[in-house]
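Here is how names work: the chains are called A, B, and so on, in the same order as the sequence lines, proteins then strands, and each is numbered from 1.
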2 protein chains.
Amino acid sequence: MASDHLSTVLNALADPTRRGMLARLANGEATVTELAEPYDMSMAAISKHLKVLERAGLIEQGREAQYRPRKLNPEPLKEVDQWLEDYRQMWEARFDRLDHYLRHLQGKSDG
Amino acid sequence: MASDHLSTVLNALADPTRRGMLARLANGEATVTELAEPYDMSMAAISKHLKVLERAGLIEQGREAQYRPRKLNPEPLKEVDQWLEDYRQMWEARFDRLDHYLRHLQGKSDG
DNA sequence: TTTTTATTCAACCAAATGGTTATTAACTTA
DNA sequence: TAAGTTAATAACCATTTGGTTGAATAAAAA
């Protein structure tokens, strides 16, 4: 995998298990065992997936007793969103025009 | 790499060479040789990168004389954007609050 | 027709990926 | 202290990735 940060983030996201883990963490912190629960996979494999997410900065690790609860850090997702920005107009062109038209109408008739 | 579509797309994007190619194609169609120009890499390697982008549906291939011009298809990027949607509020929360506050002010003092 | 240009394909290789099992470490509980 | 739980690490393996070179294909140009 390429070593630049954005590539590391996108690569981390390019796996349904890891995206599933992020989805779970969007609802709040979770332990490794909790994160592993939906998957038919060894804890070692889960641990590796978590390491990939961590290297990408997408999750952070805490420590409570024998647990290492993970929490989501959305910052790298923001970077992905910003990268998309340059292309967004390409699929939103039609909507943009409508949006501007609506703003134009509002400027005329509404306060 | 995982076989689901979104994973295929994100994986295709997780490489600076391939993102560079997309950036070039955002300015319009380009031949393989044109796309290869910035990279110190064999044509065969370029061809493989293009195949990855094509499998992800990010580019389409034309045919003109001996050239196979590629063009960008932004549709899969839209899918990435839609996946991000669920997380967007997490990094935009503060801005949202500010935005709502400004709208509130505007509703009061401005037309 | 021969040669050149543009591109792909085939075979190969080293390194990375994604899984496994077995072991180790840290902490809790009996 | 001993046993159980949680999680990471080490060693291993098969497959994939991302590059190479060399040959093949297709069209254009000479």
Side-chain angles (χ1 to χ4, degrees), chain A residues 1-22 24-25 28-72 76, chain B residues 1-22 24-25 28-72 76:
Chain A
M1 196 249 310
S3 58
D4 70 284
H5 185 59
L6 184 54
S7 296
T8 302
V9 173
L10 289 164
N11 178 69
L13 298 176
D15 181 286
T17 301
R18 292 193 290 260
R19 287 198 306 280
M21 289 169 158
L22 293 183
R24 167 67 186 78
L25 290 172
E29 291 196 6
T31 67
V32 176
T33 308
E34 285 166 349
L35 288 167
E37 193 273 327
Y39 305 104
D40 183 21
M41 201 180 289
S42 69
M43 287 299 287
I46 295 291
S47 226
K48 284 190 186 182
H49 279 302
L50 289 173
K51 189 152 285 185
V52 173
L53 290 171
E54 186 147 42
R55 277 206 318 132
L58 284 159
I59 62 175
E60 281 158 18
Q61 186 175 348
R63 187 71 196 251
E64 266 174 69
Q66 72 269 50
Y67 307 98
R68 276 84 147 184
R70 302 309 209 276
K71 72 172 186 183
L72 183 59
Chain B
M1 193 248 312
S3 59
D4 70 284
H5 185 59
L6 184 53
S7 296
T8 303
V9 173
L10 288 165
N11 178 70
L13 298 176
D15 181 286
T17 302
R18 293 195 287 262
R19 287 198 306 279
M21 289 168 158
L22 293 183
R24 169 67 186 78
L25 290 172
E29 292 195 6
T31 67
V32 177
T33 308
E34 285 166 346
L35 288 168
E37 193 273 327
Y39 306 103
D40 183 21
M41 202 181 287
S42 69
M43 287 301 286
I46 295 291
S47 225
K48 286 189 184 181
H49 279 301
L50 290 173
K51 189 152 286 183
V52 173
L53 290 171
E54 187 146 43
R55 278 205 318 134
L58 285 159
I59 62 174
E60 280 160 17
Q61 184 174 348
R63 186 72 195 251
E64 266 175 68
Q66 72 270 50
Y67 307 97
R68 277 86 146 183
R70 303 308 209 278
K71 72 171 184 184
L72 182 59

Counting heavy atoms from C-beta on, name the nucleotide in D/dA7, D/dA27, D/dT20 closest to the side chain of B/Q66. D/dA27
Grab the NZ-P distance between B/K51 and D/dG18 for me, whole Å please. 14 Å
Of all the heavy-atom pairs spanning B/T8 and B/M1, show the shortest one and how long it is. CA-SD, 3.6 Å
Among C/dG19, D/dA27, D/dG18, find the nucleotide with the atom closest to the side chain of B/H49. D/dG18
Phosphate OP1/OP2 of D/dT20: any B/K48 side-chain N/O under 4.0 Å: no
Just report the end-to-end axis angle for the helix from C/dT1-D/dA30 to C/dA30-D/dT1, five pairs per end, to 10 degrees. 10°
Are A/T33 and D/dT6 close enough that a side-chain N or O sits under 4.0 Å from OP1 or OP2? no
Separation of C/dG18 atom C1' from A/R55 atom CZ, nearest Å, is 14 Å
For a 4.5 angstrom cut-off between non-hydrogen side-chain atoms, does A/E64 reach A/T31? no
Student check: side-chain heavy atoms of A/L58 and A/L13 closer than 4.5 Å: yes
Winner on side-chain proximity to B/A44, out of D/dG18, D/dA7, D/dT20, is D/dT20
Reckon B/S47 has a side-chain N or O less than 4.0 Å from the OP1 or OP2 of C/dT8? yes
Find the distance B/E54:CD to C/dC9:P and express it as a whole number of Å. 10 Å
Which is true for B/A65 with a 4.0 Å heavy-atom rule: it touches a base, it touches only sugar-phosphate, or it touches nothing? sugar-phosphate
Counting heavy atoms from C-beta on, name the nucleotide in C/dA26, D/dT21, D/dA11 closest to the side chain of A/R63. C/dA26
Of the listed D/dT9, C/dT7, D/dT20, the closest approach to the B/R70 side chain comes from C/dT7
Round to the nearest Å and state the distance from A/M1 atom CE to D/dG18 atom P. 10 Å
For B/T17 against B/Y39, the heavy-atom pair lying closest together: O-OH, 3.3 Å
If every non-hydrogen atom of B/L50 is compared with every non-hydrogen atom of B/I59, which pair is closest and at what distance? O-CD1, 3.5 Å
Find the distance A/R18:CZ to C/dT17:C1' and express it as a whole number of Å. 9 Å
Would you say the side chain of A/D4 lies within less than 4.5 Å of the side chain of B/R19, judging by non-hydrogen atoms? yes
Assign each of B/I46 and B/A2 the nucleotide of DNA chain C bearing its closest heavy atom; nearer the 5' end lies the nucleotide of B/I46
Closer than 4.0 Å, any side-chain N/O of B/R68 to the OP1 or OP2 of D/dA27? no
Touch check for B/Q61, heavy atoms < 4.0 angstrom, all strands: base, sugar-phosphate only, or nothing? sugar-phosphate
Determine whether B/V52 and B/K48 make a side-chain contact, defined as any pair of heavy atoms from C-beta on separated by less than 4.5 Å. no
Measure CG/B/D15 against C1'/C/dA16 and give the value in whole Å, please. 13 Å
Of D/dA7, C/dG18, C/dA6, the nucleotide closest to the side chain of B/Y67 is C/dA6
DNA chain C: 5'-proximal contact among A/D40 and B/M43 (nearest heavy atom): B/M43
Rounded to the Å, how far apart are A/E29 CD and D/dA7 P? 12 Å
From the list D/dA27, D/dA7, C/dG18, which nucleotide is the closest neighbour of the side chain of A/V32? D/dA7
Tell me the interatomic distance from B/L50, atom CG, to C/dC9, atom P, rounded to whole angstroms. 12 Å
Using a 4.5 Å cut-off on heavy atoms from C-beta on, say whether the side chain of A/R24 contacts that of A/E37. no
